[in-house]
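Chain identifiers are assigned alphabetically (A, B, ...) following the order of the sequence lines, protein sequences preceding nucleic acid strands; residue numbering begins at 1 within each chain.
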Protein chains: 2
Amino acid sequence: MPKQMLRQPKPPRPTNAEFQILRVLWQRGPSTVRDVHDALDRTKPVGYTTVLKLLQIMIEKSLVRRDASTRSHVYAATASEAATRRQMVTDLAKRAFGGSTVRLVLHALAATPATAPELDQIRKLLDEKKKGEP
Amino acid sequence: MPKQMLRQPKPPRPTNAEFQILRVLWQRGPSTVRDVHDALDRTKPVGYTTVLKLLQIMIEKSLVRRDASTRSHVYAATASEAATRRQMVTDLAKRAFGGSTVRLVLHALAATPATAPELDQIRKLLDEKKKGEP
DNA sequence: TCTCATGTACGAAGCTGTTCGTAGCTACAC
DNA sequence: GTGTAGCTACGAACAGCTTCGTACATGAGA
């Protein structure tokens, strides 16, 4: 019997360093460790094996999968950027707003400066939602 | 020049356990360790000294202050619930949405089901914002 | 074929967050 | 005055995250 629990359908929310890697994968598509490392290293110096180790951990968490058929394994994010962000928003809503995303939105809006076009954009989205679910 | 940076005016974002304690303090007002412990213990068993230790750490982080004039010290949150939540929203926006709270809102709205009254509430807030900052 | 640049695997250290046990102090009841 | 319940302080254990050094494998070029 494996010690590991049965694979959850939802991968856990990524940590900070993991999220940085995911951003590279979303932007570049399937990439090697070297690809990811070079991209990250430009912003902030980081060791090659650090990125490698992270990616190995992320496999265990099912945050990425990899194609090991070539010498340089190729990694890809398992979840889409949108789904991951949604997960992160949901997490914050659960943690700080009793699970209500709407309450989160209200707080966020009230506390942030926004330009008129931005407000219109939000309004437009509201209209679509209202139309979509009457 | 001191090695230590000058105290930041903004206390850091609370961790999970710290946030649980803050919620009790916001709800009850200034409280003793026992007060906080009893409140938390009802939801999820936790040791008394665990709460004490957390509160001591939170003092170092300036998340709470305390009145030590009585035998049982009395703790109070330094930041308001609204300010703390705003901070947490800002953090998520910075981490996942390039610092744009508006983008966070758009994503959150698009990904969550909302009732018509909730949507109206958001619309109302938008109207107020537009009026307030023309 | 042999070398070495480049790849993966893995252990471990340093840090933070969380939990709790233990020690020691003190006000209050008796 | 003395005992004890209840308080604070503190150290330490454990887990997760992040970083990197080292060991080992291997394919490609001389």
Are any side-chain N or O atoms of T49(A) and backbone N or O atoms of L52(A), one a donor and one an acceptor, separated by less than 3.5 Å? no
Roughly how many Å is it from OH in Y75(B) to C1' in dC7(D), rounded to a whole number? 10 Å
Specify the separation, in whole Å, of atom CD1 of I59(A) and atom C1' of dT8(C). 11 Å
What pair of heavy atoms forms the shortest contact from Y75(B) to L25(B), and how long is it? O-CD2, 3.6 Å
Using a strict cut-off of less than 4.0 Å between a Lys/Arg side-chain nitrogen and an Asp/Glu carboxylate oxygen, indicate whether E118(B) and R103(A) qualify as a salt bridge. no
Length of the CZ-P vector between R95(B) and dC17(D), whole Å: 13 Å
If you assign R34(B) and K53(B) each to the DNA chain D nucleotide with the nearest heavy atom, which residue ends up on the more 5' nucleotide? R34(B)
Calculate the interatomic distance between L52(A) atom CG and dA25(D) atom P; express it in whole Å. 16 Å
Counting only side-chain heavy atoms from C-beta out, which of dT18(D), dA5(C), dA9(D) sits nearest to A17(A)? dT18(D)
So does Y48(A) get a side-chain nitrogen or oxygen closer than 4.0 Å to the phosphate oxygens (OP1/OP2) of dT8(C)? yes
Sugar-phosphate, base or nothing in reach of T50(B), heavy atoms under 4.0 Å: base
Examine dA9(D): is either OP1 or OP2 under 4.0 Å from a nitrogen or oxygen in the side chain of Q56(B)? Give yes or no. yes
Measure from CG on L55(B) to P on dC10(D) and round the result to the nearest Å. 15 Å
K44(A) side-chain N/O to dT18(D) phosphate OP1/OP2 under 4.0 Å: no
Quick test of your reading of the model: are E128(B) and K124(B) salt-bridged, counting only N-O distances below 4.0 Å? no
Decide if atom CZ of R13(A) counts as having more than 12 heavy atoms of other residues, nucleotides or ligands within a radius under 6.0 Å. no
Sugar-phosphate only, base, or nothing, as touched by T49(B) at under 4.0 Å among non-hydrogen atoms: base
Starting the side chain at C-beta, find the nucleotide from dG17(C), dA9(C), dT26(C) nearest to R71(B). dT26(C)
Rounded to the nearest Å, what distance is computed from the NE2 atom of residue H73(A) to the P atom of nucleotide dA25(D)? 15 Å
Atom CG of N16(A) to atom C1' of dG17(C): distance rounded to whole Å? 15 Å
Any R66(A) side-chain nitrogen or oxygen under 4.0 Å from OP1 or OP2 of dA9(C): yes
Would you say S72(A) places a side-chain N or O within less than 4.0 Å of OP1 or OP2 belonging to dT6(C)? no
Spacing between L54(A) atom CG and dC20(D) atom P, to the nearest angstrom: 11 Å
